Chemist: 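Here it is, the structure in full.
None of these values were measured; they are calculated from a predicted model. Just so it is clear: chains get the letters A, B, ... in the order the sequence lines come, proteins before strands, and each one is counted from 1.
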2 protein chains.
Amino acid sequence: MSTAHHCDAAARAEQVLARRGARITQLRRDVLRALMREDRPVGAYQLFDQLKARDAASAPPAVYRALDFLVGEGMAHKLQSLNAYVGCACFEHAHDAHFLICRGCNAAEEVPTTAIRKQVDTDAAERGFAVERMVVETVGLCADCKGRA
Amino acid sequence: MSTAHHCDAAARAEQVLARRGARITQLRRDVLRALMREDRPVGAYQLFDQLKARDAASAPPAVYRALDFLVGEGMAHKLQSLNAYVGCACFEHAHDAHFLICRGCNAAEEVPTTAIRKQVDTDAAERGFAVERMVVETVGLCADCKGRA
DNA sequence: AGGCGTCCGGTTACATTGTAACCATCGGCG
DNA sequence: CGCCGATGGTTACAATGTAACCGGACGCCT
């Protein structure tokens with residue numbers, strides 16, 4: 001696993017944010033990079049500990065604020081079933097996602113939601129429900145971990 | 001809104017559990033009924049406070065254990081995006097669900113997942129991922145709250 | 001009936017996750 | 001320059017969830 005890919009993701013994300021006119025501060029950059037460096041979901045306090053060790057963060061609220069910013073910009077997602085965050089160098093401001101979360105290796109693969117979103121919209125429309133946000137998370141075993149079982 | 005419906009739900013759930021041979025203790029019954037009495041998601045500590053007031057629960061772990069039992073039996077679901085629980089007088093041991101969660105009135109309507117589940121299975125199969133559990137939650141405004149806006 | 005093993009829940013003490021509130025600072029802008 | 005909104009530092013806490021240990025209840029078997 002080369003780190004090049006992850007650096008690229010962070011760099012790409014920063015470019016997108018810049019083009020968008022978003023304020024990229026040092027803290028936000030640090031959080032973004034820390035997130036991207038991992039290829040797994042990371043807890044807010046895990047991030048905090050990492051950053052704290054480098055004097056890059058002062059206290060939990062700072063980290064949560066940066067995470068909220070990144071999630072709002074679509075550069076991170078929160079995994080509700082893990083209370084953890086993953087990075088995502090996406091070009092859309094905010095977008096929903098479907099995560100395949102492996103309970104073997106803790107990887108979380110983001111996959112597109114077009115078909116699911118359509119079905120959710122149908123379910124909602126039938127009931128006059130206006131969709132704002134969607135959470136889709138699937139827990140199980142990835143191909144590798146399934147094999148290793 | 002009559003309470004009859006909710007009592008029926010709790011009674012029905014207890015019947016199903018009984019037929020299944022599950023151990024229905026006083027605590028579990030109390031938690032089940034408290035859950036069913038609400039028509040909204042309820043936090044574990046909210047339940048705890050209610051039960052505590054009636055001397056029906058001693059401490060948080062007891063409530064969490066009862067909730068785990070009920071979720072395992074398919075008589076309750078956890079809403080990951082709210083950290084809250086809802087009852088469900090279903091006949092399946094465990095089943096996934098799609099929840100339409102209204103941020104106006106906090107109602108959570110459970111709707112079937114057949115179509116979504118199929119798509120999730122497809123997404124997963126394409127990547128060799130073995131699905132075990134699925135979380136689908138949609139946040140927005142229900143018909144009533146949309147109107148009231 | 002007696003003894004055994006398992007399941008359940010009481011209890012204590014914490015761990016983890018998330019936030020409210022207040023203030024200092026910084027950067028842009030008139 | 002002086003104002004203003006956005007950002008983040010700081011403190012103190014709220015809310016959510018759990019580990020570990022124990023005793024008692026219950027079913028089951030002999």
Chemist: For a quick test of reading the model, state the closest non-hydrogen atom pair linking B:A34 to B:Q50 and the distance between them.
Modeler: CB-OE1, 3.9 Å
Chemist: If you assign B:L82 and B:R23 each to the DNA chain D nucleotide with the nearest heavy atom, which residue ends up on the more 5' nucleotide?
Modeler: B:L82
Chemist: Between B:R28 and B:R23 (side chain of the first, backbone of the second, donor and acceptor by atom type, cut-off under 3.5 Å), is there such a pair?
Modeler: yes
Chemist: On DNA chain C, check which nucleotide each of A:D68 and B:F69 is closest to and give me the residue with the more 5' one.
Modeler: B:F69
Chemist: Please give, in whole Å, the distance from D:dT7 P to A:I24 CD1?
Modeler: 12 Å
Chemist: Can you find a pair of side-chain heavy atoms, one from B:Q119 and one from B:T122, that are under 4.5 Å apart?
Modeler: yes
Chemist: Check B:V63 against B:A44 and note the closest heavy-atom contact, atom names and distance.
Modeler: CG1-O, 3.8 Å
Chemist: Please work out which residues in residues 47-65 of chain A have a non-hydrogen atom less than 4.0 Å from an atom of DNA chain D and list them by number.
Modeler: A:S58, A:A59, A:P61, A:A62, A:R65
Chemist: Looking at every non-hydrogen atom in both residues, tell me the closest pair between B:A22 and B:E73 and how far apart they are.
Modeler: CB-OE2, 4.1 Å
Chemist: If I take atom CG in residue A:N83 and atom C1' in nucleotide C:dA15, what distance separates them, rounded to the nearest angstrom?
Modeler: 13 Å
Chemist: Taking the minimum atom-to-atom distance to the side chain of B:L27, which one of D:dG8, C:dC8, C:dG9 wins?
Modeler: C:dG9
Chemist: Stacking check: are the rings of A:Y45 and C:dT17 less than 5.5 Å apart at their centres and under 30 degrees in tilt?
Modeler: yes
